[in-house]
Amino acid sequence: MNTGSRLERLEKGLRDIGLEPVKAPGVLRVDAQPESLVPAARLAVEHGYDHLASVEGIDWPSEGVIEVIYHAESYDEDLRGTLLEIRVKVPRDEPRLPSLIEVWPNALFLERETWDLMGVVFEGHPELRRLLMPPDWDGPPPLRKDFKVKTEGVFVNVE
Amino acid sequence: MTCPFMGLAFLGRLEESSRKAAQWLVERTPVRSLRDWAISFSLWPVHFTTSCCGAEFAAVSAPRFDMERYGFLPFNSPRQTNLLLIEGTLTRKMARAAEIVYQQMPSPKFVVAMGACAIDGGIFHNSYNIVRPHELFPIEYFIPGCPPRPEAVAQAIVRLHEKVKRSEYGVKARET
Amino acid sequence: MSSSVMEARLLEKEGDEEVYEVFIGPQHPASGHMRLIVRLEGDVIVGVDPDIGWVHRTMEKLAESKEALKAIPLLERMTIIDSQNVTIGYVRALEKLLGVEPPPRARYLRTLLSEINRIASHLYGMGLAGIFVNHSTMFMWCFGDREVWIQLAEELTGARLTHSYSVPGGVRRDLPQGFKEKALKAIRYMEKRLDEYHRIFFDNPQVRARYEGVGVLKPHEARRLGVVGPNLRASGVRYDARLLGDYGVYDELEFEIPVREEGDAMSRLLLRGDEIRQSMNIIRQVLDKIPEGPILAEKYLRLIPPKLREPALKEGRIKFPGIFANLKLPKGEAVARAEMGHGEIFYHVTSDGSKKPYRVRVVTPSFRNVILFRYLPPGHRFMDLPAIYGSLDYFPPEADR
Amino acid sequence: MGLVSSLVRLVLSPQFFGPIVFPGLVTVLAVLLSIIWVERKIAARVQMRVGPLYILRPLGGAIQMLADGLRFFFQEFIVPETVDRVPFLLAPVVAMSFAMLPFAFVPLAPNFKPYTVPYSMPAFLGLNTVIPLTVLAMAWGSNNKFSIQGGIREAYMTIAYEAVLFISAYSMALLYHTLDFAEMVEAQKVPGILLNPISALVFFIAMIMSAGKLPFDIVEGEQEIVAGPFTEYSGIAFGLTMGIGYVQLYGFTLAFTLMYLSGWEPLVAPLYSIYPALGGILLFVKAYLLLVFIVFLRAVYGRYRLDQALRIGWRTLFPLAIVSVFLSIALGVIGVV
């Protein structure tokens, strides 16, 4: 099977479950809904995208959503040039998504990190414990935009 | 801790007085200078890497720089060492571990902070997860640089070595 | 393999009362800056819980608070031993956003430094693998020979470890005089040394006993777990981000991607040796083929005031105009992948049209390999743990960012 | 005058000279101080380094261990609150004494025996078997997870090497028809290592295992269990525990020299006529060279795994030790010795 066929079949499959894949250089982009995430992921695994490269959360406070982006990757020669990008938007005040750990086992640490730093809850993830932050961290998730760090410039630390 | 000889009243407070006597003896000049000579040539840092400066710290004991010439030997357990090198950034999580390690070390003990991050955060000065080591430990030397070259680390160790040799450290021992 | 099987193996035996729990790290002779919570039943490991985050310095957040160019020195601190390869991905992502391409000479120079860094990084990993079975000579030899390559990189860039060499549109410095001879000398030296490594380390019966057949990772498991780098290739999967042809001049050079089939700790170590040979092969070709020309894209070269531009070009050293730090990133996003010594690094840069990137997502190879700590050790002896750890070439600051 | 001469006689008498001066206490300290320096220096040389240097430049830093020892002596000795104080404090001292006691059974010349028993070889080996027990006591007393792991490893290793060590030593006893070191040396017209190389090999490996030196320093496996049973020890107590292995090793190399390398033979006759113990110089030189060879192994080998070491002990060394017994009997029957 050549490059086109496997990717094209995946595209077709994604269309069949009601998603709209968009082709960009090196990336196949899909906007999904929380409920269509798992079927889309299962489809991706069937067509060769057998592991995740990244789970990423982007905070968009102006729209009131957190965008969770999954980048799936394959080591096969025909697919390795193209990343599969699945984007899901969840409300900012109650970000909940189904966990993809059953589909992509290596989501274990990626999802845990996204929960830790972005506050997205992955339902069905067996251990949403602190990963990178100290275990007693009780501040807001640090990667959200309303968590401000001091920016560049001269500043004096007033005790 | 109870003194095993507590029952023997005529011995008095044996433990305390013997400790005082030992302290007095150790502080006399010939004994003290012998002790400080020994310590200065036997600065054993503990195997504790706090951050990426550890790569340069490893280079310090590796062939090209070889600080073992001064008796500098990274060693296993904090109980047997006397030098804590803060190698770069100290995160909140790590700071707790560093404090425990420092408390586990037997005195006299020294702390050297390595890298810009250990001075005031360096490139991570505005991070939400770092701690400045001088708030936790009495630091003998700061080594600037990001990361400091191994020569700089070696120089700090030689400086510390000379300082200890001249007995110019903690009479008013900064105990924790 | 169904994922539920894998999960069972991952999370087996948690909370069992007959289990002896040992905390390895963060202060431990063989832990680096991480903690492994090891569950033992007798001498056999039943579970390992990698407790990372001890060096989490919040790079992703800080990168949002800095101008795009200033994040390069920041990001290279996560893998200080491999700083060219760790930043090249970010630089490529910026270049894709900005729509510039580096001139050919700059691409060759990047490749050159990438390979020098890769050798240094592999030597670092092999040295640690040596000390993890208490083979101090291997540690010292590797660290001693690593200095050769560090010195070479210093010659080229001016810094021992933190090079900050690649910038969007090119590189900071040109090739210094007499570099080729020095590099070739270093290659000749290293080739000789690799044979000696075989004699004292790789063919040492004691080392083979410790590493052979330990921590076997099968190809399909490696694929599913998303393992990267030499750990992946030692399991028989031929994948290397250099094959993507996204950066450098790898598509113009002839080299092999070494692959081994066994997937055990020994093959992971041997593979690093093979890769060092290939990297030296690449360096030779780069030095032969490198074209003349500018080292910064024309678009940015024009920004430098003419008074500074002439000496800069003559000296081969770019002094950036202030305006360069204020590059405005066009709105959009870019993905870049690059191959580090430890494996593939992934960058996803999102921009909202300001000077600072809106979001920088970086997934480092060590972070992707963390899962192996859960997956490989169960069933092995406690003493195998350092051997497995050593063979993975895990670098904690990189995983924690 | 009478007092001085009787003092001199006392000092030069085997009962005093042997355990206190040579090969006992004083020599042990000298060996301890020098061999660790030699070990670090050899390792450094192999590893393209210099090793300890600036402490005494003209001699290449030869007194490095003096500084380390003094530092340990003056350093704070922490007794953690969680330890079991009696075994914790007692075990290192007991271990050191039992490492020193065997020197009372090392003869320096045919009739220069500090403690005259016809069974000096089993007595020597037997006293060494106490040390693993004290290591267990240290591990238990420390009340530390790493220590207990180390203690268990010590227990495992003991079963693996001890039987082997004894069997191979007894095979030589069968060969020489004696259990006494001095008589063994006299019986060796040809060095024992040539008569029964299997026994020599087995004994050699078993003694490295016993002293816990590379490639069998499993008990102190620092990459897994920090410093094993010695993790909690600081100050002078750690100095003691660090020394035990070396003292033990020095004792074993003396025993090896006596049993396999024909001890003080060939006798340096003039020296011997001045004072019997001077004949022991050759014994010491042989033992020290052997010691240097063993510490050199550090630069070449890493550490074996526990189960591999046990396998080497049981599957390889144990049958070889049995074979060496049969070889000795065969040699004895045909009357080589």
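So you know, we letter chains A, B, ... as the sequences are listed, proteins then strands, and number each from 1.
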> Can you list the steps and then say if C:Glu147 with B:Phe65 is a side-chain contact (heavy atoms from CB on, under 4.5 Å)?
Replying inline: CA-CA 10 Å; C:Glu147 294 292 335; B:Phe65 302 97; 3.7 Å; yes
> Are B:Met94 and C:His33 close enough, and set up right, to give a side-chain contact (heavy atoms from CB on, under 4.5 Å), and what steps lead you there?
Replying inline: CA-CA 8 Å; B:Met94 192 64 106; C:His33 351 336; 3.6 Å; yes
>> Using side-chain contact (heavy atoms from CB on, under 4.5 Å), reason through B:Cys52 and C:Glu398 one step at a time and then give a plain yes or no.
In response: CA-CA 9 Å; B:Cys52 52; C:Glu398 180 184 299; over 6 Å; no
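C:Met59 touches chain B through its side chain: at least one heavy atom from C-beta onward sits under 4.5 Å away, while N, CA, C and O do not. Neither the backbone nor the side chain of B:Cys117 comes within less than 4.5 Å of any heavy atom in chain C. Using a 4.5 Å cut-off between heavy atoms, B:Ser51 touches chain C through backbone and side chain atoms alike. With a 4.5 angstrom heavy-atom cutoff, C:Pro73 touches chain B via backbone and side-chain atoms both. Looking at C:Ile81, the atoms closer than 4.5 Å to chain B (heavy atoms on both sides) all sit in the side chain, from C-beta outward.
The minimum heavy-atom distance between B:Ala55 and C:Leu161, with the atom names listed, is CB-CD1, 4.5 Å. Scanning all heavy atoms of the two residues, the minimum distance from C:Leu62 to B:Ile123 falls at CD1-O, 4.4 Å. Of all heavy-atom pairs spanning B:Ala59 and C:Arg160, the tightest one is CB-NH2, 3.9 Å. Of all heavy-atom pairs spanning B:Pro147 and C:Thr162, the tightest one is CD-CG2, 3.7 Å. Scanning both residues, C:Val55 and B:Thr50, for their nearest heavy atoms gives CG1-O, 3.7 Å. The two residues C:Trp54 and B:Ala97 have their closest heavy-atom pair at CZ3-CB, 4.0 Å.
B:Lys93 has no carboxylate O lying under 4.0 Å from a charged side-chain N of C:Asp400, or vice versa, which leaves the two without a salt bridge. With salt bridges taken as basic N to acidic carboxylate O contacts below 4.0 Å, one links B:Arg149 and C:Glu154.
Taking B:Pro74, B:Ala98, B:Pro78 one by one and counting their heavy-atom pairs under 4.5 Å with chain C, the maximum is reached by B:Pro78. Heavy-atom pairs under 4.5 Å with chain C were tallied for B:Ala58, B:Cys53, B:Gly88; the largest tally goes to B:Ala58.
Other residues, nucleotides and ligands contribute more than 12 heavy atoms inside 6.0 Å of the CZ atom of B:Arg166.
Here C:Thr58 contributes atom OG1 and B:Ile130 contributes atom CD1; the two are 8.0 Å apart, rounded to the nearest 0.5 Å.
Between B:Arg92 and C:His56, every side-chain heavy-atom pair lies at or beyond the 4.5 Å cut-off.
A donor-acceptor contact closer than 3.5 angstrom is absent between the side chains of B:Thr89 and C:Arg77.
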